[in-house]
Amino acid sequence: MSEVLIVGGGTVGLSAAVFLAHHGVRAHVIERAAGPHRHPRATGVGFRTVELLREVGLAQAVDAVAVEPAAGTLGRISAETLAAADLPSRPLGPELAQPAARTPYTPGSLRGTCPQNRLEAVLLDAARARGALIEYGTELAALEQDTHRVTAVLTDGRTIHADYLIGADGARSAVRSALGIATTGPGALGQAMNNTLFRADLRPLLGPHGFIVCELTNPQAPGTLITIDGDKEWTLHTDRALVPTPELIRTALGAPGLDIEIVSTMPWRVRGQIADRFRTGRTFLVGDAAHAIPPMGAFGMNTGIADAHNLAWKLALALRGQATPALLDTYEAERRPVARLALDQAILRLRDPALHWDRGAASARARAEAGAVNAPIVHAGYRYVSASVIDPVPELPSTEDLTIALDGAPGSRLPHHWVTEDVSTLDMVASRFTLFTAPGNTAWLAAAADLRLPAHAVDLPELPVGGAFLVRPDGFIAWRTAGSPDHLGPVLARLLGHG
């Protein structure tokens with residue numbers, strides 16, 4: 001019997017397996033595809049995702065397979081064809097290849113973009129190395145659950161029993177359907193598309209420059225060209241009615257005679273939907289099974305990975321008997337509002353891409369007028385309101401500046417500060433409930449020691465005078481107090497569902 005069965009072995013399902021294994025939980029992943037995805041799909045790995053990878057020791061491995069942008073690489077450009085693009089003078093977004101600098105609100109960053117298939121390869125190896133069972137070519141046929149376990153019937157006739165089940169099987173989730181959970185939202189958006197991965201040497205068209213996204217407006221072959229490896233691999237997104245051929249790609253690029261190898265084509269369509277529930281009984285939805293988010297802003301995959309991270313530590317504590325099942329109720333209470341925010345923000349950006357790509361004071365004003373939130377806030381500035389936070393403060397002090405938004409309020413992610421050259425406050429949490437107090441507050445350190453609770457005396461500007469932060473295993477502040485250490489034990493018990 002598995003502790004957790006994960007249906008869906010894409011990025012989010014594999015992330016869930018890694019996070020669960022990190023907490024000592026046995027996971028069994030089934031994926032209906034015959035093997036790992038070769039098509040890159042998304043490329044934007046957000047800084048919050050990098051923080052989570054850093055927590056489980058995978059940030060360097062993912063950075064190693066990321067694509068470093070060349071000097072002068074632009075964010076988003078637009079031209080009739082790539083051959084007609086004046087790359088140095090037609091930027092619609094910022095140059096991305098800048099001198100390396102530490103971002104003030106996070107210890108997590110990659111040297112560039114990371115195609116999703118490369119990220120999945122790192123996650124797959126890590127999940128297997130940490131004891132997860134991964135089965136490809138395996139599909140769910142039916143599931144049942146009671147108060148003690150989940151029973152999954154596979155299409156090959158096998159029956160698997162598990163303590164809990166995670167549905168990570170995409171926007172058309174079989175798990176969600178089996179549970180009878182409906183979705184709300186606009187649904188399909190725009191036209192049906194083909195995402196064509198191809199290989200070609202575009203240096204004669206690019207020169208020393210590059211881009212992340214290029215909108216091609218040629219009436220004969222309009223589409224969106226996306227950089228994959230910055231060298232020979234690219235994807236072209238075109239209307240489903242246009243048959244993806246080398247000649248179509250040459251037309252879109254304005255490069256007759258260019259040598260082109262089509263690797264694969266994946267049909268897709270932008271969708272915007274959110275499940276009405278993220279949990280039924282002992283079964284949970286994560287990623288696209290819980291929320292399908294349009295790609296503008298790179299919120300979808302990153303939100304799904306954060307779902308898996310939020311759920312993993314809670315399942316681990318419940319399975320070990322350290323927390324009551326009531327802790328699991330906080331998963332939906334916390335993650336569904338986050339998914340709603342990401343969905344709404346992606347739709348705003350889909351209607352007006354400048355809300356995402358433009359920078360500066362004018363763009364901040366435009367976002368404020370449109371009700372848009374700056375992308376870093378969407379990735380990590382949200383706040384949780386649930387029984388797993390004492391006296392949460394849901395109001396954001398800023399929707400533009402993440403350093404202001406992460407002010408130490410209960411329900412927000414712990415502010416990042418470098419404690420040493422290479423150790424962040426986030427690293428000090430180390431996947432456990434952890435106490436932070438100022439140097440000299442020996443009573444707090446003694447109270448934590450009595451409870452065998454990890455504690456750190458650190459000079460953090462956000463700490464209340466004479467008080468402490470109690471930080472959850474996921475790096476979110478569960479309790480902020482200037483009161484007495486005598487309350488620490490009862491508060492911890494309450495957070496674990498015992499009080």
Looking at [atom1] of [X] and [atom2] of [Y], how far apart are the two atoms once the value is rounded to the nearest 0.5 Å?
X	Y	atom1	atom2	value
Asp401	Asp407	CG	CG	11.0 Å
Glu3	Leu315	CD	CG	9.5 Å
Leu328	Leu311	CG	CG	7.0 Å
His417	Leu426	NE2	CG	9.5 Å
Met428	Leu414	CE	CG	9.5 Å
Leu341	Ile293	CG	CD1	9.0 Å

salt_bridge(Glu51, Arg48) N-O dist < 4.0 Å: yes
Glu400/Arg367 salt bridge by N-O under 4.0 Å criterion: yes
Any luck finding a side-chain donor-acceptor pair between [X] and [Y] under 3.5 Å?
X	Y	answer
Arg335	Tyr384	yes
Arg320	Gln322	no
His161	Thr151	yes

Residue pair Ile228, Val67: steps toward the side-chain contact (heavy atoms from CB on, under 4.5 Å) verdict: CA-CA 8 Å; Ile228 299 302; Val67 178; over 6 Å; no
Is there a donor-acceptor pair under 3.5 Å between the side chain of [X] and the backbone N or O of [Y]?
X	Y	result
Thr280	Thr283	no
Arg452	Asp450	no
Asp63	Arg111	yes
Asp169	Ala174	yes
Thr138	Tyr136	yes
Arg336	Ala275	yes
Glu332	Arg279	yes
Arg383	Pro410	no
Trp444	Gly466	yes
Arg118	Val65	yes

Would you find more than 12 non-hydrogen atoms of other residues, nucleotides or ligands less than 6.0 Å from [X] atom [atom1]?
X	atom1	value
Arg32	CZ	no
Arg494	CZ	no
Asp146	CG	yes
Arg172	CZ	no

Side-chain heavy atoms of [X] within contact of [Y], under 4.5 Å:
X	Y	value
Ser173	Asp288	no
Trp268	Arg41	no
Ser386	Asp329	no
Ser388	Leu327	yes
Arg282	Asp163	yes
Ser431	Asp474	no
Phe476	Glu334	no
His291	Phe278	yes

Residue pairs passing the ring pair (Phe, Tyr, Trp, His ring centres under 6.0 Å) test where at least one lies in residues 3-32, sequence neighbours excluded: Phe19-His309
From Leu470, Thr434, Leu445, residue fulfilling side chain to side chain contact (heavy atoms under 4.5 Å, CB included) relative to Leu453: Leu470
Plane angle bin for His379 and Phe299 - parallel if under 30°, tilted between 30 and 60°, otherwise perpendicular: perpendicular
[X] versus [Y], closest heavy-atom pair with distance:
X	Y	value
Cys114	Leu119	SG-N, 3.9 Å
Leu123	Ser15	CD1-OG, 3.4 Å
Arg54	Ser424	NH2-N, 4.5 Å
Ala448	Leu435	CB-CD2, 3.9 Å
Val29	Gly9	CG1-CA, 3.7 Å
Ala372	Gln345	CA-OE1, 3.2 Å

Audit row: Thr425, His456, side-chain contact (heavy atoms from CB on, under 4.5 Å) steps and yes/no: CA-CA 9 Å; Thr425 47; His456 302 287; over 6 Å; no
Pro376: side-chain contact (heavy atoms from CB on, under 4.5 Å) partners, not counting sequence neighbours: Phe47, Tyr105, Asn374, Leu402
Counterpart residues, side-chain contact (heavy atoms from CB on, under 4.5 Å), relative to Pro464 (two or more places apart): Phe469, Arg480, Ala482
Steps toward side-chain contact (heavy atoms from CB on, under 4.5 Å) verdict (Thr183, Arg176): CA-CA 9 Å; Thr183 62; Arg176 191 183 65 234; 3.5 Å; yes
Evaluation steps, side-chain contact (heavy atoms from CB on, under 4.5 Å), between Leu20 and Ile6: CA-CA 11 Å; Leu20 287 165; Ile6 302 171; 4.0 Å; yes
